[in-house]
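Letters go in sequence order (proteins before strands), and every chain restarts at 1.
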Amino acid sequence: MQLTIITDLNKCVGCKSCQVSCKEHNTSGAFGTVPDHDPYTDPDGMWWNRIVGMESGEYPNTNVLYLPKACMHCYDAPCVPVCPTGASYKREDNGVVLVDYDSCIGCQLCMWACPYGVREFDEQQGVVKKCTMCIDRIEDESLPEIERQPACVQSCPTHARTFGDLEDPDSEVAKLVAQRQGFTLLPELGARPAVHYLPRRQVPVILDESEVLRIMEERY
Amino acid sequence: MRPTGPLLLITVLQGVSGGLVLSVAALWWLMPADRWLLPMGLWGAFVIASVGGVASLFHMHKPKAGRFILRRLKTSWLSREALTTGIYVPVLAILVIVPHLLLVAPFWYGIGSVIASGLALIAMYVTAMLYATIPAMRSWHTPLTVVSMMWVGLVAGTALTEARIAIAIGGHPGGPLHLALLGGTVILAGIKWLQYRYFSEARQAIHASTGTGMPAAPYRLIDSGTTKLPYRTQTQVWPSLEPGRRAVLYMVMGLSLILVPFVLEVLPMGPRAIEWASAAGIMVCGAFIERWIFFADVTHSSKIWFGDELQRPSSVSSNRVSPDFARRLKQVGMHRHDGL
Ligand code: SF4
Ligand code: SF4
Ligand code: SF4
């Protein structure tokens, strides 16, 4: 079993509700806290899920793309073998990569080893923290079934994120990856992320020069 | 990434200590006249390595969990570093302290120098491998990292040994170790040049426009995800060095680590001792500058999602047309109005 989250980049509108709900849940959750010691004057606190905004393409054929970026729960997670204390580990039963704060010495070697820059250092506690796939929610049997999914998945207003087992061919995530050419980030670094993205389907370019000139004339 | 004091101290001092041990051990076996240097050299190496070792404890932000540090010897170079440096320093301590307490056989130092040299080489190699085996650190992921880290330590340690001889005899140390030091400094210049090129290539290969394997490149970052300089919680990256500042730093490193010590060591005049002592001192300072750059100028693969790279103006968000497009507008008889 390998739990994962698939994000459809056609649906993500960059609203950051997954980023905020991740922080909201994990600041109060069992795996918290996601510290924010001076939130009003220093928003550069800790986020386990950051939405990167990018403008892509060349003018005039450009568009904006949002990339939610949290732990990829890699199959060959490079953050795990480098950890000297075994604090970083990958669960064999569901493939989730976690950090045991009690045995973490805060050396940050795992942060250097993670290709995606999704681990964050908590200066106050002296340990490294990161996305837990909301393990405290998905394994909490006191929650109703519908609630047993990551906070970021549940809060997405456009349903861009889907949660499930990548190794179950009948799961929705496995089907999405197979049917929609799901891809991973920086595959050349060999971490084999479990988290996949569904590529944007480009709207065919129907803009030619006369069209641009017409619009410019109308506007100016 | 952010260069921190403990990282600089452990990596530089461990290397210098190793260089010192290897050079005095070489003298013991090759130049019997200089055997008096070995006990002193071992003492020096022990003190230097101990300072580095103590400094490394401050790199642990939660020392209480330090008791688990040997758990991952099978896979973690940091576990191995704790083990190898943890053996090297106590062995040095035994080698230098026991002769003050007991009468030791004449071969004590001879055998001891071989054991200490072996342990020093292993510890230096393991420390260097810790950095060279991280694929995400694009500038470090090369055997050059191992060669460079070990060579800096060997050359700087040898310079200290030569300075001690020069002070003792009040003149030019000469001999094969002197030639080795001069040759080693020249080779060091070559290694640093190659490493400079590798760092530059890594830097140029990692930027937002290379994207993430997605179509519709190039990309321009407009929001790196609620983070800002100096990326306090994301210590794998650090604000990119300004090109001017980088050039000055590399120049200072070249002067202090290589050129000035080399010139001082070959100058055929003056009271030799002071020149040699200065050469060694300047070289050790150069080793610290070299290591600072090693950390500060490294490129991490996640840098593609951080916005402090060279800015490429966006013709969309600035609402400005390209000169070429403006020319074509003119050609078809349209004119630029205010705001265009
Ligand atoms: S994304 Fe980074 S932190 Fe997460 S499993 Fe992969 S290497 Fe580890
Ligand atoms: S910071 Fe903690 S989790 Fe990361 S490598 Fe060091 S001990 Fe392991
Ligand atoms: S799975 Fe949970 S911890 Fe991970 S990004 Fe989503 S909300 Fe945050």
Side-chain angles (χ1 to χ4, degrees), chain A residues 9 16 19 43-47 50-59 62-65 67 69 78 81-87 102-109 111-117 120-123 125-127 183-187 189-190 197 199-200 202 209 213 216-217 220, chain B residues 1 59-63 65-66 68-72 75-79 82 130 134-137 208 211-228 231-237 300-303 305-306 314-317 321-322 328-329 332 334 336-337 339-340:
Chain A
L9 298 180
K16 301 205 180 196
Q19 180 168 334
D44 181 24
M46 182 184 287
W47 300 87
R50 293 178 185 265
I51 315 309
V52 176
M54 285 187 257
E55 182 189 87
S56 66
E58 287 288 14
Y59 177 82
T62 55
N63 58 51
V64 173
L65 176 137
L67 187 77
K69 192 165 68 71
V82 298
C83 175
T85 63
D102 289 335
S103 50
C104 172
I105 54 171
C107 65
Q108 300 156 55
L109 190 51
M111 296 181 64
W112 311 352
C114 168
Y116 305 101
E120 309 245 341
F121 184 56
D122 182 343
E123 288 163 328
Q125 284 185 28
V127 296
F183 70 97
T184 58
L185 302 181
L186 301 176
L189 292 182
Y197 297 87
R200 297 196 89 175
Q202 295 292 320
E209 187 165 331
L213 292 176
M216 297 296 275
E217 192 178 19
Y220 301 103
Chain B
M1 60 171 281
H59 182 58
M60 287 196 284
H61 287 78
K62 213 158 73 60
F68 303 123
I69 202 161
L70 298 180
R71 264 190 191 165
R72 282 261 179 87
T75 59
S76 169
W77 284 97
L78 185 52
S79 268
L130 192 160
I134 304 174
M137 285 293 193
T212 54
M214 293 184 286
Y219 295 95
R220 290 165 294 277
L221 209 60
I222 48 182
D223 176 4
S224 55
T226 322
T227 187
K228 69 172 167 42
Y231 314 127
R232 245 183 340 99
T233 62
Q234 294 162 296
T235 58
Q236 81 283 357
V237 287
H300 189 267
S301 55
S302 67
K303 192 75 179 172
W305 295 295
F306 290 85
S314 157
S315 47
V316 174
S317 60
V321 296
S322 69
R328 279 189 282 160
L329 272 176
V332 292
M334 284 183 198
R336 294 166 60 158
H337 301 288
L340 243 182

Check your understanding: Under a 4.5 Å heavy-atom cut-off, does chain A meet the side chain of Met1(B), its backbone, both or neither?
Key -> side chain

**Study point:** Value rounded to 0.5 Å, distance of CD1 in Ile69(B) from OG in Ser103(A)
**Key:** 11.5 Å

Point to revise | Pick from Leu109(A), Val64(A), Asp122(A) with the largest number of heavy-atom pairs that fall under 4.5 Å of chain B | key: Leu109(A)

Revision key, fill the gap. Highest number of heavy-atom pairs under 4.5 Å with chain B among Pro115(A), Gly117(A), Gly106(A) belongs to Pro115(A)

**Study point:** Nearest heavy-atom neighbours spanning Ser76(B) and Val82(A)
**Key:** OG-O, 2.6 Å

Exercise for review: Rounded to the nearest 0.5 Å, what's the gap from CE on Met46(A) to OG1 on Thr233(B)? Could you check?
Suggested key: 6.0 Å

Review point. With Lys16(A), which residues qualify under salt bridge (Lys or Arg N to Asp or Glu O under 4.0 Å), at least two apart?
Key: Asp223(B)

Study note, to complete from the structure: Exactly one of Ile222(B), Leu221(B), Thr227(B) clears side chain to side chain contact (heavy atoms under 4.5 Å, CB included) with Val52(A), and that residue is Leu221(B)

Check your understanding: At their closest point, which heavy atom of Trp112(A) faces which heavy atom of His300(B), and how far apart are they?
Key -> O-NE2, 2.9 Å

Review point. Under a 4.5 Å heavy-atom cut-off, does chain B meet the side chain of Glu120(A), its backbone, both or neither?
Key: both

Point to revise | Test item: His59(B) side-chain N/O and Gln108(A) main-chain N/O as donor-acceptor pair under 3.5 Å | key: no

Practice item. Heavy-atom pairs under 4.5 Å with chain B are the metric here; pick the option from Ala113(A), Pro78(A), Gly190(A), Cys104(A) that has the most. Key: Cys104(A)

Check your understanding: Between the main-chain N or O of Pro84(A) and the side-chain N or O of Arg72(B), is there a donor-acceptor pair closer than 3.5 Å?
Key -> no

Exercise for review: Of all the heavy-atom pairs spanning Thr85(A) and Ala65(B), show the shortest one and how long it is.
Suggested key: CG2-O, 4.2 Å

Check your understanding: Quick check: does any side chain N or O of Ser302(B) sit under 3.5 Å from a backbone N or O of Tyr116(A), one acting as donor and the other as acceptor?
Key -> no

Review point. Excluding sequence neighbours, so at least two apart, what forms ring-ring contact (aromatic ring centres under 6.0 Å, His included) with His61(B)?
Key: Phe121(A)

Revision key, fill the gap. Ranked by heavy-atom pairs below 4.5 Å to chain A, first place among Leu70(B), Leu78(B), Val237(B), Leu130(B) goes to Leu78(B)

Revision key, fill the gap. So NZ of Lys62(B) and CD of Gln125(A): to nearest 0.5 Å the spacing works out to 8.5 Å

